[in-house]
Amino acid sequence: MTHASIGPVANLPITNADVSPDGFLRSAILAGGSLPGPVITGQKGDTFKINVTSYLTDDSMLTGTTVHWHGLFQNHRNQMDGAAYVTQCPIAPGNSFTYHFRTENQTGTYWYHSHYGVQYCDGLRGPLIIYDPDDPYLDSYDVDNESTIITLMDWYHLPSPQVQRQVIPDSVLINGVGRYDGGPETPYAVINVQPNTRYRFRLLNMACKPNYIFAIDGHNLTVIEVDGQYVEPYTVDSIQIYASQRYSFILEATQPIDNYWVHADPNTGNNATAILRYLGAPEQDPRNRTTPDQNPLNETQLHPLMEVDPSTRLLQPEADVSLNLVLGKNMTNYNFLINNVQYTSPSIPVLLQILSGAVSPSELQPAGSVYTLPKNKVIEISIPPDDAPGRPHPFHLHGHKFAVIRSAGSSAYNYINPVLRDTVNTGLPGDNVTIRFLTDNQGPWMLHCHIDWHLYTGMAVVFVEDIPGLRANQSLTSPSKVLCPYKGPPQDFPLPPVNATSSTAS
């Protein structure tokens, strides 16, 4: 199964269509007419121009839209980040907006998705790959193209505004297809390989909720990239991948010619499988089913391929600013809190509030959720999850990579060679995951749980960096100005309904 690709200059129409990726027909929101959306590709240093047009009409779901380019830093292009009511107003139905940005030196495995409400749960998501002609691992694999992309997604049979907080996904989609309990036997996704060939597979968790334990029977996976960052080769037999994370791994197709199960076991819902098929194997299901987990990936064993630049001071003994973000939950309305504040989208995007000059930094909305940070400083964030049910919460920082100083499941602090990434699992009670980043990117940037239902119900903050520099260097383009105020029909969907068990999980 090969994904279609477009880019780096392309049109991306956002449309409604009926789809049945697991055999159940429902209306969805599609990017480029497919689920998942087309692969957007480019080369290192490319400038992307993606013209997004909303043709949405199904008002059981959001009809405005945005697109966030997950993992891309958007240096000096904060207004292209695509986060609704942080960097822009949504694109109204019948309107277009061109996301125009440079990727500079970034390469690797990324993805794009709606960042408006929980809209991407209705389908608007797809891979974004930036190829590197100077890839240090080029001699270690033979094939790296659209056929080696593996996407994992959760799928729901109800429109996202009707999904309850405690819902278990109806199915797991591997490369866009899956099965649900009681449903038809939809054909499995098939990943084709040739014997004695080395493949760079790019694994993306594009889910709204679950993490998955991913494995391929009979094969080792040598991890070489994490969230767009090269790492020292690390051979495992399973990868637990949290919502919005990405891994590249090298697989050597040196096993006997046959069919092998590909596993994606979610932490909520039913396990899913696909087929790894060697050229010459019969077109049939694999005969043996195993669940290898003797050598699972451990985040503390991931290390950057290149030494972290000492000039960044990222790993200096003491951070310049230390913040403790306590995750919590309001046990009256069951919405999420960070430092006792529920994030709610402001009516005017944070970026516009800043550039207007009409408010002081302390008055930026939403009150209590905006943190102003000094420029070019080392920021250390600790995220204790003890008081926030629905764990583990994967946290993503826009506009940056960060060093994972302390990982979930570990009490050790690594100031020597911590993995760099943009999304981290914050773990279980007793954990105190700690990350560090450098405030070298002007603008407002979200830090939030990437379980989309948790973001929607309050688990987010906005970091604002270098307000004077932002005002001096990043005026709004005319197309960005036109987006606000939002010109689409009003849609005031309530937060997801609460059911009886919402007090203990989500």
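Numbers here are sequence positions counted from 1. Values in this document were obtained by computation on a predicted structure and should not be read as measured data. The figures here come from the full heavy-atom set of this structure, side chains too, leaving out hydrogens, waters and symmetry mates.
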- Under the criterion side-chain contact (heavy atoms from CB on, under 4.5 Å), which of Leu325, Ile379, Val464, Ile381 is the partner of Tyr371? Leu325
- Just one of His393, Met446, His450 clears the side-chain contact (heavy atoms from CB on, under 4.5 Å) bar with Leu455, so which one? Met446
- Query: Restricting to pairs with a member in residues 14-38, which pass ring pair (Phe, Tyr, Trp, His ring centres under 6.0 Å), not counting sequence neighbours?
  - Reply: Phe24-His157
With sequence neighbours left out, what residues match [X] under salt bridge (Lys or Arg N to Asp or Glu O under 4.0 Å)?
X: Asp452; value: none
X: Asp227; value: Arg246, Arg421
X: Asp46; value: none
X: Asp135; value: Arg200

Measure centre to centre between the rings of [X] and [Y], then say whether the value is under 6.0 Å.
X: Tyr212; Y: Phe214; value: no
X: His113; Y: His115; value: yes
X: Tyr99; Y: Phe97; value: yes
X: Phe437; Y: Phe463; value: yes

Among side-chain atoms of [X] and [Y], is any donor-acceptor pair under 3.5 angstrom?
X: Asp22; Y: Ser171; result: yes
X: Thr222; Y: Thr235; result: yes
X: Asn211; Y: Gln240; result: yes
X: His448; Y: His398; result: yes
X: Ser160; Y: Gln119; result: no
X: Ser244; Y: Thr423; result: yes

- Can you check ring-ring contact (aromatic ring centres under 6.0 Å, His included) on Trp69 and Tyr110, steps first, answer last? CA-CA 8 Å; Trp69 314 95; Tyr110 305 92; over 10 Å; no
Heavy-atom donor-acceptor pair, [X] side chain to [Y] backbone, under 3.5 Å:
X: Lys487; Y: Pro93; result: no
X: Asn205; Y: Ile241; result: yes
X: Thr148; Y: Asp144; result: no
X: Asp422; Y: Leu397; result: no
X: Thr65; Y: Pro90; result: no
X: Arg436; Y: Ala403; result: no
X: Arg277; Y: Asn192; result: no

Going by disulfide bond (SG atoms under 2.5 Å apart), name the pairs with one or both residues in [range], residues two or more places apart or in two chains.
range: residues 46-104; answer: Cys89-Cys484
range: residues 110-157; answer: Cys121-Cys208
range: residues 18-60; answer: none

- Item | Partners meeting side-chain hydrogen bond (donor to acceptor under 3.5 Å, both in side chains) with Ser480 (sequence neighbours left out) | Gln79, Thr477
- Looking at residues at least two apart in the chain, or sitting in another chain, which of them share a side-chain hydrogen bond (donor to acceptor under 3.5 Å, both in side chains) with Asn267? none
- Query: Aromatic rings Tyr230 and Tyr137: how do their planes relate, parallel, tilted or perpendicular, breaks at 30° and 60°?
  - Reply: tilted
- Start with the C-alpha gap between Glu299 and Ser407, add the side-chain angles, then the distance that decides, and say whether side chain to side chain donor-acceptor pair (under 3.5 Å) holds. CA-CA 7 Å; Glu299 188 176 67; Ser407 291; 2.7 Å; yes
- Message: Run the side chain to side chain donor-acceptor pair (under 3.5 Å) test on Asn441 and Arg77 for me, step by step, so that the C-alpha distance in whole Å, both residues' side-chain angles and the decisive distance to 0.1 Å come before the verdict.
- Response: CA-CA 9 Å; Asn441 196 2; Arg77 303 291 286 182; over 6 Å; no
- Message: To check you understand the geometry: which heavy-atom pair defines the closest contact between Phe249 and Ile150, and what is its length?
- Response: CZ-CD1, 4.4 Å
- Please assess Thr109 against Glu225 for the test side chain to side chain donor-acceptor pair (under 3.5 Å), listing each intermediate value before the final yes or no. CA-CA 8 Å; Thr109 309; Glu225 178 225 345; 2.8 Å; yes
- SB check Asp309 Lys401 (cutoff 4.0 Å): no
- Presence of salt bridge, Asp142 and Arg198, under 4.0 angstrom: yes
- Is there side-chain contact between Asn78 and Gln442, with at least one heavy-atom pair below 4.5 Å? no
- Of all residues at least two apart in sequence or in a different chain, which pass the ring-ring contact (aromatic ring centres under 6.0 Å, His included) check with Tyr156? Trp453
- Message: side chain to side chain donor-acceptor pair (under 3.5 Å), that's the test. Do Asp217 and His263 meet it? Break it down for me.
- Response: CA-CA 8 Å; Asp217 285 359; His263 301 273; 2.7 Å; yes
- Message: Would you say CG of Asp134 has more than 12 non-hydrogen atoms from neighbouring residues, nucleotides or ligands within 6.0 angstrom?
- Response: yes
- Does anything in residues 26-41 pair up under salt bridge (charged side-chain N to carboxylate O under 4.0 Å, His left out), and if so which pairs, sequence neighbours excluded? Arg26-Asp122
